[in-house]
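Just below is one structure, and these are the notes that go with it.
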2 protein chains.
Amino acid sequence: MVERHVTLKDVAKRAGVSTAVVSAAISGSATTIRMSEATRLRVERAIAETGYRVNHAAKSLSMSRSGIIAAVVPKIANPVFEFAIRGIQAAAEEAGDVLMLADALWIEPGTHLMQRMVGTRMVDGFLVRSPHLGSETIEELTSRTIPYVILQTPDDDERRTSIWVDDHAGIAVATEHLLRLGHRRIALIGGPDQAYGGPRVEGYLDTLRSAGLRPDPRLVHRSGFDPHVVAQSAMAVLTGPEPPTAMIIDNVIAAPGALATIVDLGLRVPEDLSVVVYQDLPIADVLRPAPTTIRMPVYEAGVRGYRALRQLIDGKRARSALVKSPRPKLIDRGSTAPPRA
Amino acid sequence: MVERHVTLKDVAKRAGVSTAVVSAAISGSATTIRMSEATRLRVERAIAETGYRVNHAAKSLSMSRSGIIAAVVPKIANPVFEFAIRGIQAAAEEAGDVLMLADALWIEPGTHLMQRMVGTRMVDGFLVRSPHLGSETIEELTSRTIPYVILQTPDDDERRTSIWVDDHAGIAVATEHLLRLGHRRIALIGGPDQAYGGPRVEGYLDTLRSAGLRPDPRLVHRSGFDPHVVAQSAMAVLTGPEPPTAMIIDNVIAAPGALATIVDLGLRVPEDLSVVVYQDLPIADVLRPAPTTIRMPVYEAGVRGYRALRQLIDGKRARSALVKSPRPKLIDRGSTAPPRA
DNA sequence: TTGAAAGCGATACCAT
DNA sequence: ATGGTATCGCTTTCAA
């Protein structure tokens, strides 16, 4: 059952030509080689008859390029990243590249996988969520040896290429919607646990200020991604003095948990509390209450991210970019209403 | 900025030995080569100093093996498969293999990716959910050229290797739990849309019969994975004549949708209706109502699946297997109670 | 204990 | 228009 792999040489022999011709016939004509139609047909027939398929390792070695790019995703099931992945995949496919997925969880600990993947040039480049994996930067891990693009994380370091969406504008859309309904006490919870002042919080604060309101810091909880912490934040905000009449949940991962907390408190949505979730998520329709969300151009960011990566792989420069189109869009699922008198 | 890749030869030169020695020093001693401690140290120092990393393509070509296996997952965010993936990853990592993920959605349409991945021997083998991708079997797609293992799908074809969990026993645990609470009219909905008679339905029917009950076919809906269809099924069952007092949702993907339907109907869980979801899912805790679930050894199936695949890659045989341990376990989240009088 | 050299399979330059 | 062949980087057999 050894059934040796069919090689270029086999095809060449069968077609009665040299391997150079077969190779050229396959690659279209990237090289200067031109051949007669008759020859090309003979080669194509030989390929079909032998069932020849190019050997990936040999081709990679010869071309010093694998045609594989990797996306290191924070958690394989992160619904937002899923959209980005689809965009990356579509763009990669179109360009003839193969996308390989790897969970950041597998990569962080010993970085064994990272070393394997990028250190050995198993992949030509990769997209990743953050410039940091654990405490080390990617540059340290890769020894700057391979191109990469950072997704979804604003980054002004000129030496890196980063593609992200307009969080400021997205949160602004959510905030404006609630303001327009008449809400004045709007909470913001569940956001990434960074220093106060990320674009999301800014978008929220700026929008409130533009409306002539003075933001109440007690209504802002940057509680990270841990469901328990988010639930506690939601609980604290909703049961405190002067509770909000509306809430923006700034974090898809946290959204189901925060909604559960609201249900557990016996609050009705939207009668007692209006809710907007930042970033649309696939299961939004089947959550109860079904949350009104803000859909961001994450798919497009994936496409742009891939294209930038390809530039880098091809030795060109690729500038960081903020993806502004399509604009943030509010998907109304009825979880908002005017506040009660 | 060309910065050529450091090769074995560079290391050899620096250490003052031949490439054969360096290669042996790296691979431990898979070969018959033994070397002096002094030499080994010199080589290791040279490796460290040059920052040498093996070139994946060259190694693959030389060994006719890539060290990469692929898992073709039905939908990247399928929560159950996520557990399996973790198992596969852990086992692969332990064995020194790299796991590459690919979404079946990308593969089905033109099978372009499949051809690339397996046809070119980019990967040594793969795990996949079903022997069918679209209408073609994997064998057709791969020309039987590469080892693969089927996960989660019972399969008695001797020529394939399949690893799955005991659906029959899992559903039986759910059914028995409800029977023990006193339920007699138990619905089963949302299962894979196969012919009546899969192990899940059998587990349900057998358990009812063992309890001396006569199953009511109107309570069984194999409605597939489409949320809308499942919602309709749930609606039909719950609003029909003689509605059930308990419901088993046989499908994690459908679970949130079915729960939403229950909420929308104004039914209280568990007062008006007891609910058990087959297969535990990560977000169960934050769904409302939080469903009691059956946890299956899916992680373990992933591990077993990887091991079987490795056997095949190594040219050994690997038998199909039903993973029975750990046993199905009911995770009680309070969505069940005795039926009302 | 170590080195030389023959592959692995494809690409692409240089002849013809 | 087509063929010969060096090359990519590594593994492994065979000699020394």
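Computed from a predicted structure; not experimentally measured.
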Next on the checklist: Using a heavy-atom cut-off of 4.0 Å across all strands, would you classify V22(A) as base, sugar-phosphate, or nothing?
Outcome noted: nothing
Next on the checklist: By the 4.0 Å heavy-atom rule, please label T39(B) as base, sugar-phosphate, or nothing.
Outcome noted: sugar-phosphate
Checklist entry - In whole angstrom, what separates I26(A)'s CD1 from dG9(C)'s C1'? => result 11 Å
Item to check | Distance, rounded to the nearest Å, where D10(B) contributes CG and dC8(D) contributes P | outcome: 11 Å
Checklist entry - Looking only at side-chain N and O atoms, does S36(B) come under 4.0 Å of OP1 or OP2 in dT2(C)? => result yes
Next on the checklist: Categorize R121(A) for me: base, sugar-phosphate, or nothing, with a 4.0 angstrom heavy-atom threshold over every strand shown.
Outcome noted: nothing
Checklist entry - Which heavy atom in M100(B) sits nearest to a heavy atom in I68(B), and how many Å separate them? => result CB-CG2, 3.8 Å
Next on the checklist: Distance check needed: dA10(C) C1' versus M122(B) CE, whole Å only.
Outcome noted: 14 Å
Checklist entry - Given atom CE of M63(B) and atom C1' of dC8(C), what is their separation to the nearest angstrom? => result 12 Å
Next on the checklist: Using the ring centroid of each side chain, check whether Y148(A) and F126(A) are separated by less than 6.0 Å.
Outcome noted: yes
Next on the checklist: What is the distance, to the nearest angstrom, from the CG atom on L8(B) to the P atom on dA5(C)?
Outcome noted: 17 Å
Checklist entry - Between dC10(D), dC13(C), dA10(C), which nucleotide has the shortest distance from any of its atoms to the side chain of K59(A)? => result dA10(C)
Next on the checklist: In this structure, how many angstroms lie between the C1' atom of dA1(D) and the CG atom of L41(A), rounded?
Outcome noted: 15 Å
Item to check | Phosphate contact (dT12(D) OP1 or OP2) by S62(B) side-chain N/O below 4.0 Å | outcome: no
Item to check | Angle between terminal axes - the helix from dT1(C)-dA16(D) to dT16(C)-dA1(D), 5 pairs each end, rounded to 10° | outcome: 40°
Checklist entry - Do D124(B) and S66(B) meet the criterion of a side-chain donor-acceptor pair at a distance under 3.5 Å? => result yes
Next on the checklist: Can you give me the closest heavy-atom contact between I150(B) and R160(B), atom names plus distance?
Outcome noted: CD1-CD, 3.4 Å
Checklist entry - Hey, are E300(B) and R304(B) close enough for a salt bridge, meaning a charged N less than 4.0 Å from a carboxylate O? => result no
Checklist entry - Has Y52(A) got a side-chain N or O lying under 4.0 Å from the OP1 or OP2 atom of dA10(C)? => result yes
Next on the checklist: If I take atom NZ in residue K9(A) and atom C1' in nucleotide dA12(C), what distance separates them, rounded to the nearest angstrom?
Outcome noted: 17 Å
Next on the checklist: So, does S18(B) get its side chain near the phosphate of dT2(C), meaning an N or O under 4.0 Å from OP1 or OP2?
Outcome noted: no
Checklist entry - Atom NE2 of H5(A) and atom C1' of dG7(C): how far apart are they, to the nearest Å? => result 16 Å
Next on the checklist: Are I85(B) and L101(B) packed together at the side-chain level, in the sense that at least one heavy-atom pair is separated by less than 4.5 angstrom?
Outcome noted: yes
Checklist entry - On DNA chain C, nearest-nucleotide positions of V17(B) versus L61(B): which is more 5'? => result V17(B)
Checklist entry - Is it true that R65(B) and D97(B) have a side-chain N and a carboxylate O under 4.0 angstrom from each other? => result no
